Colleague: 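Handing you a structure now.
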Amino acid sequence: PKRFLQMLLPGPGRQPEGSLDGGATRAFSKRVLTWRLVGEAFSSQLSVAEQRYIFRLAFRMWSEVTPLDFQEDLTAPGAVVDIKLGFGRGRHLGCPRVFDGGGQEFAHAWRLGDIHFDDDEHFTPPSSDMGISLLKVAVHEIGHVLGLPHTYRTGSIMQPNYAPQETAFELDWSDRKAIQRLYGSCEGSFDTAFDWIRKERTPYGEVVVRFSTYFFRKSWYWLYENRHNRTRYGDPIQILIGWRGIPTQNIDAFVHIWTWKRDVRYFFKGNQYWSYDSEEDQAHTADERGRRYPRLISEGFPGVPSPLDTAFFERRQQLIYFFQESLVFAFDVNRNRLLSSYPKKITKVFPAIVPQNHPFRNIDSAYYSYAHNSVFFFKGNAYWKVVNDKDKQRNSWLPSNGLFPKKSISEKWFDVCDVHMSTLNM
Amino acid sequence: ETLFHSRDHSDLEPSSPLRQAKPIADIPAAQRFLSRYGWSGAQAAWGPSLGGPPEATPGAALAEAVRRFQQANRLPASGELDAATLAAMNRPRCGVPDTRLPPPAAQTPPPPGLLHRAR
């Protein structure tokens, strides 16, 4: 009881959680938070493994939309674990707020990170459509511990009343923006970004071309759903799981050569490159002449150095631009050789529109976006957009291939957030 | 002794599987609800639950609290404890008190075409 009493006293400048004039308030200043299902407070309704899995998933769902990472900690002294979860009935766990039995109040969260679930409720796993989804309640209560108050906005996970879920629930746009107002957007550099083009046949037999946007970082990746302004639910995923036969981390570049005669996709890492089979969704083992992959970049692209920083295919010119350090190499895919006037300084080929506002060297990724019909240079948290035809039509004075001043990647592509390694392959 | 349990375990309710919450069906229970979840009452919304009757909320103040709760739950703001209001009070809910709702303008409208699809 002493433990909870001192939590009720509002901290300096803080309202006790849930006070009538409270609002959203950031609760933690560090980036990695630890949590634990308290050993003497397991539920009697689900296996301990299932309870822990559900909580791990609940934390992961917040981690997918915030810069926070959550790690289950089973060894540190209880007092240093940031968020402790436990089940109890009636008078429980030394908590001054007594549970009322099955129905009505099903859980509550305390300001300093304790979350209690009323074990008189019928909590069920995500796969069940009976009872009360433990996952949904856990995501709600974690939202409180992170600083979010109740809202009656339809669709929000922070509504005070439990809404039986029709489909698998996710954090919607407004909940994401609410938590990002407290903890900021997700930043970080990418190893490569690209649009994956694929042809599909509609039920009426027409061939349509669709594209998906991918962001790669270290050993994981996100699919970005441009029409929903967010990453795919459940991402990031390990590269190992989603892409068969290419290196499982730290990809340098991706290039899709797409002309009337060719439709090939290459991944580059170090001094080698891999060809990827879109139909079979795996890397080729050999090319049409039987030469095995991976192959040396110096063999497949004579004159191109390695390792590369990045590369992209310019479809109209049918050139691949390879980037290394402060230089860019233009490679003619039809003659299979470098243009004679290359390499050149990146700043010469892609001049800054605003002086000194330029990535200069070591570009993380040169990404042609079909959603925006533009090339973007990514470096660190920033992107520079390359002048395209539409820009030129509007302002003819713009230099060809000029770079607009840098902006923040997280202001254009939302919710590309890391998760803790321990939850990466959930 | 583990972190939470009192030495004599008096804080552990004997687990009786049939424990059901008492329905909120009369004014005292509704007053307790409104006070517990921050809709009324001088008692700190988020304080220990006291077993005894809530501070008697005078009629006008009770009606006002009921009205606020009804508005938030998109019920006719009559200030009366009608059946729909009592039903809303009895729905499964989180125990954290409700806060004043942000003005509607505060919500950033989601971009068009947002779909909720499975994970």
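What you are looking at is a predicted structure, and each value in this text was computed from that prediction instead of being measured. Just so it is clear: chains get the letters A, B, ... in the order the sequence lines come, proteins before strands, and each one is counted from 1.
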Colleague: More than 12 heavy atoms of other residues, nucleotides or ligands under 6.0 Å from CD1 of B:I27: yes or no?
Modeller: no

Colleague: So, using side chain to side chain contact (heavy atoms under 4.5 Å, CB included) as the criterion, who are the partners of A:K412 when residues are at least two apart?
Modeller: A:H372, A:F376, A:Y383

Colleague: Are side-chain heavy atoms of A:W110 and B:V96 found at a separation under 4.5 Å?
Modeller: no

Colleague: Of the non-hydrogen atoms in B:A21 and A:G103, which two are nearest, and what is the gap between them?
Modeller: CB-O, 3.7 Å

Colleague: Atom OH of B:Y37 and atom NE2 of A:H150: how far apart are they, to the nearest 0.5 Å?
Modeller: 9.5 Å

Colleague: At their closest point, which heavy atom of A:G90 faces which heavy atom of B:R19, and how far apart are they?
Modeller: CA-NH2, 3.5 Å

Colleague: Rounded to the nearest 0.5 Å, what separation is found between the CD atom of B:Q20 and the CD atom of A:Q104?
Modeller: 10.0 Å

Colleague: Heavy atoms only: give me the nearest A:Y162-B:R91 pair and the separation to one decimal.
Modeller: O-NH2, 3.8 Å

Colleague: Report the residues that fulfil disulfide (SG to SG under 2.5 Å) with B:C94, sequence neighbours left out, ordered by chain and then residue number.
Modeller: none

Colleague: A:D118, A:D119, A:D100: which one forms the most heavy-atom pairs within less than 4.5 Å of chain B?
Modeller: A:D100

Colleague: Under 3.5 Å, which donor-acceptor pairs do the side chains of residues 126-133 of chain A form with other protein atoms, sequence neighbours left out?
Modeller:
from   : atom 1 : to     : atom 2 : distance (Å)
A:S128 : OG     : A:M130 : N      : 2.8
A:S133 : OG     : A:L135 : N      : 3.4
A:S133 : OG     : A:K136 : N      : 3.1

Colleague: So what's closer than 4.5 Å to chain B heavy atoms on A:S156: side chain, backbone, both or neither?
Modeller: neither

Colleague: Going by residue number, which parts of residues 81-90 of chain B are within reach of chain A, meaning a heavy-atom gap below 4.5 Å?
Modeller: B:A88, B:M89, B:N90

Colleague: Select one option (side chain, backbone, both, neither) describing which atoms of A:E121 are under 4.5 Å from chain B's heavy atoms.
Modeller: neither

Colleague: Distance check, rounded to the nearest 0.5 Å: A:N161 atom CG versus B:N73 atom CG?
Modeller: 6.0 Å

